[in-house]
Amino acid sequence: METPEGTMIVDSDGVRGRIKSTPPSDDKTERVAVGLEDGQEVLVPVEALQSKGDKGYHLPFSFRQLSREATIPVLEERLKVENRPTEGGVRIDKRVHEREVVVDLPASHEEIEIERVPVNREVSRPVEPHYEGKTYVVPLHEEVLVTQKQLLLREELRITKRRVQKTESRRVTLREEEVSDHPLGGNG
């Protein structure tokens, strides 16, 4: 029976081992050296192995039974280096800084200018308020006593609206946040 090195063998207790070599035998029984998971090495008779196809071999009894007979412990130390993530964290501090700045705000308002214009002109009927360009004209009438009664346009109020814009300075408080982090625990 061909027993290639590295082939898996599982005994009746579920213990696993791998074929390491086929050492020379003093008698006619062909044996293979099997390295077990715990590091021990046992010699297993080849005729006791039951093939499981591609999945290796099954041993119908325990490796422990063989180890009582002829166990040759062969130990090898191996170094395994790996990085493991460590538990840690980051503490975030947030501070609010205040500073005062001067800002120029556009502000506008409307001003009304009233101009009194003497007219003193006779009119046959009342003159209605009206616009002359952007100026709103409000006629003021007065009845005067003459030999006959006559309507006199005494004066007009000329009302002009214009927009005035100026810049005012105001103090405004602005806030700015600053973040810093501090590692917590772990190795990094």
Side-chain angles (χ1 to χ4, degrees), residues 1-111 134 161-188:
M1 175 190 295
E2 185 179 328
T3 53
E5 288 185 25
T7 303
M8 177 70 70
I9 299 176
V10 180
D11 73 1
S12 61
D13 293 335
V15 176
R16 297 171 187 264
R18 291 201 180 267
I19 296 175
K20 294 180 85 176
S21 64
T22 306
S25 178
D26 297 342
D27 56 9
K28 294 185 179 186
T29 305
E30 186 181 354
R31 295 192 169 131
V32 290
V34 177
L36 303 180
E37 293 174 326
D38 63 1
Q40 286 186 342
E41 186 174 294
V42 294
L43 293 175
V44 177
V46 173
E47 70 245 10
L49 298 176
Q50 298 173 353
S51 177
K52 292 173 67 179
D54 292 347
K55 296 182 181 177
Y57 295 99
H58 174 72
L59 187 62
F61 49 87
S62 170
F63 284 120
R64 283 188 311 231
Q65 292 172 330
L66 294 174
S67 64
R68 286 187 209 126
E69 297 172 8
T71 300
I72 304 169
V74 177
L75 302 176
E76 176 183 351
E77 290 185 348
R78 294 192 179 174
L79 176 64
K80 182 178 181 182
V81 178
E82 61 182 38
N83 286 332
R84 293 184 185 168
T86 59
E87 290 292 324
V90 174
R91 184 182 75 207
I92 303 293
D93 290 334
K94 180 171 100 171
R95 288 184 284 252
V96 177
H97 298 282
E98 291 184 359
R99 60 186 164 99
E100 286 191 5
V101 296
V102 176
V103 293
D104 294 327
L105 300 172
S108 62
H109 65 277
E110 293 180 342
E111 292 181 353
K134 290 185 176 182
K161 187 186 339 182
R162 62 187 146 103
R163 181 174 292 278
V164 177
Q165 189 159 348
K166 64 180 183 176
T167 301
E168 296 178 1
S169 294
R170 300 260 171 105
R171 285 197 170 277
V172 177
T173 299
L174 299 179
R175 295 177 185 202
E176 178 182 55
E177 296 182 340
E178 178 183 319
V179 174
S180 61
D181 62 335
H182 307 285
L184 299 176
N187 293 335

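Values below: every heavy atom of this structure, side chains too, minus hydrogens, waters and symmetry copies.
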Handout entry: K134: side-chain hydrogen bond (donor to acceptor under 3.5 Å, both in side chains) partners, not counting sequence neighbours
Key = none
Practice task
Could I get the full list of salt bridge (charged side-chain N to carboxylate O under 4.0 Å, His left out) partners for E37, not counting sequence neighbours?
Solution key: none
Practice task
State, to 0.1 Å, how close A48 and P60 come at their nearest heavy-atom pair, and which atoms those are.
Solution key: O-CD, 3.2 Å
Problem - Distance in Å, E47 CD paired with R31 CZ, rounded so as to fall on 0.5 Å steps - result: 8.5 Å
Exercise for the section: Could you pull out all residues at least two apart from R95 that satisfy side-chain hydrogen bond (donor to acceptor under 3.5 Å, both in side chains)? Expected result: E178
Handout entry: CD-NE2 distance between E177 and H97, expressed to the nearest 0.5 angstrom
Key = 10.0 Å
Exercise for the section: State, to 0.1 Å, how close G53 and S51 come at their nearest heavy-atom pair, and which atoms those are. Expected result: N-OG, 3.2 Å
Problem - Partners meeting salt bridge (charged side-chain N to carboxylate O under 4.0 Å, His left out) with K55 (sequence neighbours left out) - result: none
Practice task
For E111, check salt bridge (charged side-chain N to carboxylate O under 4.0 Å, His left out) against everything at least two apart and list the hits.
Solution key: none
Completion exercise
Sorted by chain and residue number, the side-chain hydrogen bond (donor to acceptor under 3.5 Å, both in side chains) partners of E100 (sequence neighbours excluded) come out as R171
Problem - Nearest non-hydrogen partners of R163 and S108, listed with the distance - result: NH1-OG, 3.1 Å
Problem - Which residues share a salt bridge (charged side-chain N to carboxylate O under 4.0 Å, His left out) with R91, sequence neighbours left out - result: D93
Problem - Atom pair OG/CG of S169 and D104 - distance to nearest 0.5 Å - result: 4.5 Å
Problem - Straight-line distance of H58 NE2 to I9 CD1, nearest 0.5 Å - result: 11.0 Å
Handout entry: Considering all heavy atoms, the nearest A33-E41 contact
Key = CB-OE2, 3.6 Å
Handout entry: R99 vs V101 side-chain heavy atoms within contact, under 4.5 Å
Key = yes
Completion exercise
Between the OG1 atom in T7 and the CG atom in L49, the distance rounded to the nearest 0.5 Å is 10.0 Å
Completion exercise
Between S12 and S62 the two heavy atoms that sit nearest each other are OG-N, 3.4 Å
Handout entry: Pairs flagged by salt bridge (Lys or Arg N to Asp or Glu O under 4.0 Å) wherever residues 5-17 is involved - sequence neighbours left out
Key = D13-R64
Problem - Separation between CZ of R18 and CG of L36, rounded to the nearest 0.5 Å - result: 12.0 Å
Handout entry: Partner set under side-chain hydrogen bond (donor to acceptor under 3.5 Å, both in side chains) for T167, not counting sequence neighbours
Key = none
